[in-house]
Amino acid sequence: MDSPDRADFLAGLKPGGKYEGVVGLYRHNVSTDRIGLFDKEIIDALAAAGVKWIAHNGAGYDQIDVLYCKEKDIWVSNTPGAVDDATATTGFYLMISALRCFSRAERTLRAGGWKSTHKPGEAHDLTGRTLAVLGLGGIGLRLAELAHAFPMRIVYHNRRPNPDAPAWCEYFGADRLDEMLAQADVLSVHVPLKDSTVGMVDETMIRKLKRGAVIVNTARGKVIDEPAMIRALEDGHLGAVGLDVFPDEPQVNPRLLDFPNATLLPHMGTETCDSQKKMEIRALSNLRDFLTKGKGFDIIPEFK
C-alpha cells in the first residue's frame, strides 16, 4: 500500500527491493487504484520474489488471475462469510426500494415535489411476492432469510442444491431455470464473476422473467448484459432495478441515471465498519495461519 504506482511495486519485489523476503501478502481491492489488477505481470513478479500466499480482503476475487496464481504455486484466500450480512442487507434495501419506488420518492421530495411523481399502481408490497436467488451462497442465503420474514416465497438456482438451504428454499435446477424465472417477482443476482458468468443474465434470461419483474444486483456488474437490461427497462418489461455494482466502476452508464425506477448505489455492499473489521480480521487470520501453520483456512474454490 506504500507503492504509488505499478512500476514502484514491481521494483520493490526485485532483489534488494523494499519487499525482498516477503512470502505472503494482504491484498485489498483499493490497491488497484495504484498498481492495477493482479495480472500475469504482477503474479510473475510475486512468484519470482518468493511470494506463496495472497490473503485477499473480499469475497469476490475477480481482480486476481487466480488460475495463473495456481500455475505459479501461489495460494489465494478470500473472506467468505464476513461479507454476507452487509451485502445481503444492501440487496434487501435495493429490493424494497425497487418494489416500493422509494428511491424515486426521495428524489422527488428533495426536489420539492412531495409525491408528485408517485403512482401507487407502480409500487408493490413484498409480502407474498416471489424472490428468485441466482446463486444461493452465503450472501444469497442471508438475503433469503431476511426476505422470508415478510414472508416472501424463496426460490433459487445453483448448479446443485445448497445442502445448507432450509426447507422453505425451493431449488430449481438447470432443467427448470425457465420455470423459476417465469415465477419471479424479483431476481437477485449473487454469482461470482468469472469467464463463464460474464453476461450470464442476458437478453434471453431477462425476457423470461414476468413482465414488471425487478432485477437486483449486488454481485458484479459484468454478470448482467447491461444493454439488454436497459432495453428491458425502456420497453417496460422490467418494472425496476436495484444496482450496487456496474460493469466499468466507478463509471456508471449515464442512461441508467435517466430511469426513475432505478435505485443505484456506488458499490456500498460491504461499506460498514463492522463488515470491514470482520473482513480484515479474516484476511489477516488467513495470512497468520499460512505463516504459522502452512495454510490459511479460506482457500478459494479454484485451489480445492
Side-chain angles (χ1 to χ4, degrees), residues 85-134 139 142-144 146-153 181 184-190 201 203 206-207 209-273 275:
D85 196 68
T87 307
T89 53
T90 301
F92 196 47
Y93 161 75
L94 290 170
M95 176 172 65
I96 293 174
S97 178
L99 285 170
R100 292 294 310 275
C101 306
F102 282 160
S103 178
R104 179 196 308 181
E106 181 178 359
R107 292 194 299 271
T108 304
L109 180 147
R110 289 178 179 276
W114 199 236
K115 291 187 283 188
S116 59
T117 64
H118 183 67
K119 300 177 182 178
E122 296 177 352
H124 304 280
D125 291 330
L126 278 71
T127 301
R129 300 276 164 182
T130 296
L131 167 64
V133 180
L134 189 64
I139 297 169
R142 181 63 181 135
L143 175 64
L146 296 170
H148 180 62
F150 269 76
M152 294 181 77
R153 178 189 174 209
L181 295 171
D185 295 297
V186 180
L187 177 68
S188 189
V189 182
H190 301 279
V201 182
E203 182 98 37
I206 292 170
R207 294 295 167 175
L209 292 165
K210 64 170 66 173
R211 186 172 181 82
V214 169
I215 288 180
V216 170
N217 189 12
T218 55
R220 289 290 187 268
K222 291 181 180 178
V223 172
I224 296 180
D225 180 341
E226 186 177 72
M229 179 180 66
I230 288 174
R231 286 192 294 271
L233 282 168
E234 287 173 336
D235 64 27
H237 184 77
L238 286 177
V241 295
L243 307 174
D244 187 43
V245 289
F246 306 88
D248 301 305
E249 297 176 10
Q251 305 304 316
V252 177
N253 189 328
R255 184 68 185 96
L256 289 171
L257 305 178
D258 295 335
F259 293 106
N261 52 343
T263 299
L264 310 174
L265 293 176
H267 207 147
M268 296 290 289
T270 60
E271 296 296 321
T272 71
C273 60
S275 284

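Just so you know, these numbers use all the heavy atoms, side chains as well, and skip hydrogens, waters and symmetry mates. Computed from a predicted model, the values in this text were never measured in an experiment.
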_Interatomic distance, Leu143 atom CG to His148 atom NE2 [nearest 0.5 angstrom]_ = 13.0 Å

*Report the distance from atom CG of Leu256 to atom CD1 of Ile230, rounding to the nearest 0.5 Å.*
4.5 Å

*Could you give me the CA-CA distance, side-chain angles and deciding distance for Arg129 and Val186, then say whether side-chain contact (heavy atoms from CB on, under 4.5 Å) is met?*
CA-CA 8 Å; Arg129 300 276 164 182; Val186 180; 5.7 Å; no

*side-chain contact (heavy atoms from CB on, under 4.5 Å) between Met229 and Val241: does it pass, once the steps are laid out?*
CA-CA 9 Å; Met229 179 180 66; Val241 295; 4.0 Å; yes

*Please examine the side chains of Asn217 and Val201, heavy atoms only from C-beta on, and report whether any two atoms are closer than 4.5 Å.*
no

_ring pair (Phe, Tyr, Trp, His ring centres under 6.0 Å) against His237, all qualifying residues, sequence neighbours excluded_ = none

*Where do Arg107 and Pro260 come nearest, in terms of heavy atoms and distance?*
NH2-O, 2.8 Å

_Spacing of CD1 belonging to Ile224 relative to CG belonging to Leu134, to within rounding of 0.5 Å_ = 9.0 Å

_Sequence neighbours excluded, every pair satisfying salt bridge (Lys or Arg N to Asp or Glu O under 4.0 Å) that has a member inside residues 88-104_ = Arg104-Glu122

*Qualifying side-chain hydrogen bond (donor to acceptor under 3.5 Å, both in side chains) pairs, either residue in residues 253-262, two or more places apart*: Glu226-Asn253, Glu234-Arg255, Arg255-Asp258

*asked:* On a heavy-atom basis, which atom in Arg142 and which in Ala88 lie closest, and how many Å separate them?
replied: CG-CB, 3.5 Å

_By side chain to side chain contact (heavy atoms under 4.5 Å, CB included) - contacts of Ala228 (at least two apart)_ = Glu203, Ile206, Asp225, Arg231

*Supply the atom-to-atom distance Ile215 CD1 to Leu238 CG, rounded to the nearest 0.5 angstrom.*
4.5 Å

*For Asp244, what residues pass the side chain to side chain contact (heavy atoms under 4.5 Å, CB included) criterion, not counting sequence neighbours?*
Thr90, Leu94, Thr218, Leu265, His267, Met268

*Is the backbone of Thr130 close enough, under 3.5 Å, to the side chain of Asp185 for a donor and an acceptor to pair up by distance?*
yes

*Heavy atoms, side chains only, cut-off 4.5 Å: are Met95 and Val214 in contact?*
no

*Contact summary for Phe150 and Met152, nearest pair of heavy atoms*: CB-N, 3.9 Å

*If only atom types and distance count, is the side chain of Ser103 paired as donor or acceptor with the main-chain N or O of Ser97 below 3.5 Å?*
no

*For Ser188 and Leu131, work out which heavy atoms get closest and say how close.*
CB-CD1, 3.9 Å

*Please walk me through it: do Phe102 and Ile96 pass side-chain contact (heavy atoms from CB on, under 4.5 Å)?*
CA-CA 8 Å; Phe102 282 160; Ile96 293 174; 3.8 Å; yes

_Considering all heavy atoms, the nearest Val245-Arg220 contact_ = CG2-C, 3.6 Å

Show me the donor-acceptor pairs, under 3.5 Å and distance only, between side chains in residues 109-116 and residues at least two apart or in other chains.
{"unit_1": "Arg110", "atom_1": "NE", "unit_2": "Glu106", "atom_2": "OE2", "d": "3.0"}
{"unit_1": "Arg110", "atom_1": "NH2", "unit_2": "Glu106", "atom_2": "OE2", "d": "2.9"}
{"unit_1": "Ser116", "atom_1": "OG", "unit_2": "Gly113", "atom_2": "O", "d": "3.0"}

*Quick one: closest heavy-atom pair of Ala184 and Ala213, and the distance?*
O-CB, 3.8 Å

*Applying side-chain contact (heavy atoms from CB on, under 4.5 Å), run through Phe259 and Leu264 and close with a yes or a no.*
CA-CA 10 Å; Phe259 293 106; Leu264 310 174; over 6 Å; no

